[in-house]
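A short write-up of the structure that comes next.
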Amino acid sequence: MANHASKDFLVFGQPKIEQPEIDEVVDSMQKAWLGTGPKVAQFEQDFARYKGVDHVAALNSCTAALHLSLLAADIGPGDEVITTPMTFCATVNAIIHAGATPVLADIDPDTFNISPERIKEKITSRTRAIVPVHFAGRPCNMEAIMAIAHANGLKVIEDCAHAIETEYHGRKTGTFGDFGCFSFYATKNITTGEGGMVIAQREEDIERIKVLGLHGMSKDAWNRFGDDGYKHYYVVESGFKYNMMDLQAAIGIHQLKRIESNWHRRSQIWSQYMQAFEGLPLGLPACVEKDTRHGYHLFTVLIDQEKVGISRDQFLSHMTEKSIGVGVHYLSLPEHPFYQKSYGWKTEDYPNAALVGRQTVSLPISAKLTQQDLDYVIQSVKNAINF
Ligand SMILES: *Cc1c(COP(=O)(O)O)cnc(C)c1O
């Protein structure tokens, strides 16, 4: 406990906030334009350029992006949507909010990404879409997944919450599927505090998402209160309140400018971890696949009590005692009582995800980490497992 007091706690996934975004937020405050406006439009443009796409919409979360993508794909009650058990609960909750039934396909034990073979086994006459998650920033096998989708007439909605920078065979993630959904939550690769973005192949899908994201109104508030005369709005759908604010976009515009330098820093941290832990009895992430670019969002180690001598949860406690914030990404979704009760999911039916979920620990990989922080984390991991 003395350690807690003597050393600042290393907050897991702490974002790197710099002066330009602070000034930009202040600028919004001084102009007193806080809601959806010119800064959101600018952030959308910048993000579209970064991803090399035409149709994007900024929203207030990736969860909203997933939800509206499913609605824009006309997915609803009676439809089944296949996704992975190794993801954040928001992925399946969005499917449920769209009225559809989530169906899980187990992961590949090496990559932790959804297995195309397991997807094939779960396709029924009701299946309408696949939601692959590029776990930790490693791209899914999009060649196989898109082939399955085409062969079965399925939509693909990529959950790119970990994977803004990720590429697969020379192409950026989020541009394979009908939709790609991104998160700017505080711990993600770039942040707006809370925030999300969706990209779509078809312009009409983005138009529909923009309408659904702001109450189902035909014109957004920015156009409504501009200086070119009052315009009536008409409600054309029963929509949601999912729009991004200029206050959020103010942060995002500058975060996006540093996306590559932060990625580079995380890739260095990743390499240092890999080198430092080589030969230790820890499960390390699979090597980066050739002809892909990893997003380096999470660095996970597996703690197998048989090999390491302590349990995963003991390891978590040890790191926390050393004032190091660690994470668990994730307990497999069937571990949660709601899904067991509602869908009859059993942990043991998804053995690969179950094993990862019970052994995994995410170590800090924020671009904010100093070399001193990193050395301290590495030493603490070695101490925890007596090396
Ligand atoms: C963070 C996360 C989400 C949700 O993102 P929000 O922006 O917080 O809604 C969805 N899927 C995955 C895999 C995530 O990690």
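Counting starts at 1 for both ligands and their atoms, following the listed order. For this chain, numbers begin at 1 and follow the sequence in order.
A cation-pi arrangement, defined by a distance under 6.0 Å to the six-membered ring centre and an angle within 45 degrees of its axis, is absent between Lys188 and Phe182. Cation-pi geometry between Arg171 and Phe176 is met: the NZ or CZ atom falls under 6.0 Å from the ring centre, inside 45° of the normal.
With sequence neighbours excluded, no residue satisfies ring-ring contact (aromatic ring centres under 6.0 Å, His included) with Phe179.
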* Going through the distances and angles, do Phe338 and His336 end up as a ring pair (Phe, Tyr, Trp, His ring centres under 6.0 Å)? -> CA-CA 6 Å; Phe338 173 78; His336 298 289; 10.0 Å; no

Check ligand 1 for N or O atoms under 3.5 Å from a protein N or O and list each pair with its distance.
from: ligand 1; atom 1: 5 (O); to: Ser183; atom 2: OG; distance (Å): 3.3
from: ligand 1; atom 1: 7 (O); to: Cys62; atom 2: N; distance (Å): 2.9
from: ligand 1; atom 1: 7 (O); to: Ser183; atom 2: OG; distance (Å): 2.7
from: ligand 1; atom 1: 9 (O); to: Cys62; atom 2: N; distance (Å): 3.3
from: ligand 1; atom 1: 9 (O); to: Thr63; atom 2: N; distance (Å): 2.9
from: ligand 1; atom 1: 9 (O); to: Thr63; atom 2: OG1; distance (Å): 2.5
from: ligand 1; atom 1: 11 (N); to: Asp159; atom 2: OD1; distance (Å): 3.4
from: ligand 1; atom 1: 11 (N); to: Asp159; atom 2: OD2; distance (Å): 2.8
from: ligand 1; atom 1: 15 (O); to: His162; atom 2: NE2; distance (Å): 2.8
from: ligand 1; atom 1: 15 (O); to: Lys188; atom 2: NZ; distance (Å): 3.1
from: ligand 1; atom 1: 15 (O); to: Tyr330; atom 2: OH; distance (Å): 3.0

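Annotation: side chain to side chain donor-acceptor pair (under 3.5 Å) contacts involving residues 89-105, sequence neighbours excluded, comprise Thr87-Thr91, Thr91-Asp159, Asn93-Tyr339.
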Which pairs would a plain distance check flag for residues 74-86, meaning a side-chain donor or acceptor within less than 3.5 Å of a matching protein atom at least two apart in sequence or in another chain?
from: Asp74; atom 1: OD1; to: Arg208; atom 2: NH1; distance (Å): 3.3
from: Asp79; atom 1: OD2; to: Gly76; atom 2: N; distance (Å): 2.9
from: Asp79; atom 1: OD2; to: Arg128; atom 2: NH1; distance (Å): 3.2
from: Glu80; atom 1: OE1; to: Thr124; atom 2: OG1; distance (Å): 2.9
from: Thr83; atom 1: OG1; to: Val131; atom 2: O; distance (Å): 2.7
from: Thr84; atom 1: OG1; to: Met86; atom 2: N; distance (Å): 2.9

